[in-house]
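Okay, structure first, notes after.
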Amino acid sequence: MSVFFKRLGKVVPITFSHAFQGKSQSNSNNFPIPFGAIAAISGGMSYFYYFSEPNLVHLDPINKETGPKSALDPKKWQTFKLQDKATVSHNTHIYRFSFDPNLKLGLDVASCLITRAPLGEDADGKRKYVIRPYTPISDPDSKGYFDLMIKVYPEGKMSQYFAKLKPGDIVEVKGPVEKVRYTPSMKKHIGMIAGGSGITPMLQVIEAILKNPNDNTKVSLVYANVSPDDILLKKRLDMLAATHPNLKDMALKGLPTPSDDTLILVCGPPGMMQHISGDKAKDRSQGELTGLLKELGYTEEMVYKF
Ligand SMILES: Cc1cc2nc3c(=O)[nH]c(=O)nc-3n(C[C@H](O)[C@H](O)[C@H](O)COP(=O)(O)OP(=O)(O)OC[C@H]3O[C@@H](n4cnc5c(N)ncnc54)[C@H](O)[C@@H]3O)c2cc1C
């Protein structure tokens, strides 16, 4: 496993021990997206990401009661009203959308939803849309709202649309789209490799594991970012680093070794995917497993690309 981190280290100009120093770091030449910060968390961690940033939306207590009705419809675009927006980092925000408080959103872990926004008209005067998937990070069992954490790109069609939204504005949403079905204790050890906003599907799975007291699945998360300032939920990670003296070692040993009891989830920008696992196929199926994970002996059955 140390080979993996040696190789990863080639594209990570700063080691984990530097990741929380709060300075901007130089770019790597090896990667389309430079990775300047990497964090690893292992095993039975508790998660408080909503409480880790002072300017976040205040969450209502989660209503665990489940009901038969869902707010989402996989076949129909539905409108959801933006209730509030909170800043997580210089380019990332959490958007809370509200709906009927008697309903759950209606998705199984791990799933995303699809959003669309009007984008001018085509030659025939027909409305054009930009369509993008996003992964809710709120508890799927909460009623009446869901949260999206979205990174804004300077030229990003949809993320710029989100950046301009004000409370009361509406967004069209369809779904859910199931990615990988998580069932409690389906694997002994799950490794996660995330870059930037690729942390969102990992959060969904982590939350599902941690809220179930009977689920003892071990989770190792490797989280790469452009610079320390880009680490989403940094305060929470800082706290873990401060209270877990062996966290640095875990960064070197954390990922599960290849075995039938192992699942590695990967989500991040194209450059990272290419290097770690190979990108998904053009038809968005899983595609061939290549990259570091393949070299290290993981098989396609052990890896899932979001
Ligand atoms: C299953 C799934 C779930 C997703 N969940 C989330 C989520 O929860 N939160 C979230 O923020 N995003 C998520 N994404 C990514 C999201 O769907 C969009 O791709 C992203 O918001 C960019 O869309 P855009 O229209 O703003 O940019 P585009 O108009 O598509 O791209 C414009 C420019 O932005 C830059 N850019 C766009 N995407 C990236 C990238 N990934 N890395 C580096 N540069 C980029 C490039 O320079 C690009 O040329 C998810 C993607 C998938 C496939």
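Numbering of ligands and ligand atoms starts at 1, following listing order.
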Quiz prompt | Separation between CE of M302 and CG of L293, rounded to the nearest 0.5 Å | solution = 11.0 Å
Quiz item: Can you name the nearest heavy-atom pair linking Y153 to S197, along with the distance?
Solution: OH-OG, 4.3 Å
Self-check item: Per-atom contacts of ligand 1 with P269, taking only distances under 4.0 Å to non-hydrogen atoms
Solution: 42 (N)
Quiz prompt | Minimum heavy-atom distance P140-V109, with the two atoms named | solution = CG-CG2, 3.9 Å
Quiz item: Do ligand 1 and V130 have nitrogen or oxygen atoms that lie under 3.5 Å from each other?
Solution: no
Exercise. Give yes if a backbone or side-chain nitrogen or oxygen of Q160 is under 3.5 Å from a nitrogen or oxygen of ligand 1, and no if not.
Key: no
Exercise. List the steps and the verdict of side-chain contact (heavy atoms from CB on, under 4.5 Å) for T299 and L289.
Key: CA-CA 7 Å; T299 64; L289 179 69; 5.5 Å; no
Practice problem: With heavy atoms of K157 as the reference, note each atom of ligand 1 found under 4.0 Å away. | Solution: 24 (P), 25 (O), 26 (O), 27 (O), 28 (P), 29 (O)
Quiz item: What atoms of ligand 1 come closer than 4.0 angstrom to any heavy atom of E155?
Solution: 29 (O), 32 (C)
Exercise. May I ask you to list the atoms of ligand 1 that are less than 4.0 angstrom from any heavy atom of S159?
Key: 24 (P), 26 (O)
Quiz item: Parallel, tilted or perpendicular: which describes the rings of F146 and F97, with under 30° parallel and over 60° perpendicular?
Solution: parallel
Quiz item: Could an N or O of ligand 1 be found under 3.5 Å from any N or O of K179, whether backbone or side chain?
Solution: no
Practice problem: Hey, could you give me the CD/OG distance between E207 and S138, rounded to the nearest 0.5 Å? | Solution: 9.5 Å
Quiz item: Where does T200 meet ligand 1, judged by heavy-atom distances below 4.0 Å: at the side chain, the backbone, both, or neither?
Solution: side chain
Quiz prompt | Selected option - heavy-atom contact closest to atom 31 (O) of ligand 1, from A110, P201, G156 | solution = G156
Exercise. Start with the C-alpha gap between Y95 and Y134, add the side-chain angles, then the distance that decides, and say whether ring pair (Phe, Tyr, Trp, His ring centres under 6.0 Å) holds.
Key: CA-CA 11 Å; Y95 300 84; Y134 292 99; 8.8 Å; no
Quiz item: With no hydrogens and no angle check, do the side chains of E288 and T290 hold a donor and an acceptor under 3.5 Å apart?
Solution: no
Practice problem: Select the closest option to atom 15 (C) of ligand 1 among P133, A117, S197, judged by heavy-atom distance. | Solution: P133
Self-check item: Pick from Y153, Y95, Y161: the one approaching atom 22 (C) of ligand 1 most closely through a non-hydrogen atom
Solution: Y153
Quiz item: Purely on distance, is any nitrogen or oxygen of C112 under 3.5 Å from one on ligand 1?
Solution: no
Practice problem: For I150 and ligand 1, answer yes if some heavy atom of the residue is under 4.0 Å from a ligand atom, otherwise no. | Solution: yes
Quiz item: Does the side chain of D215 come under 3.5 Å of the side chain of T217 through a donor N or O and an acceptor N or O?
Solution: yes
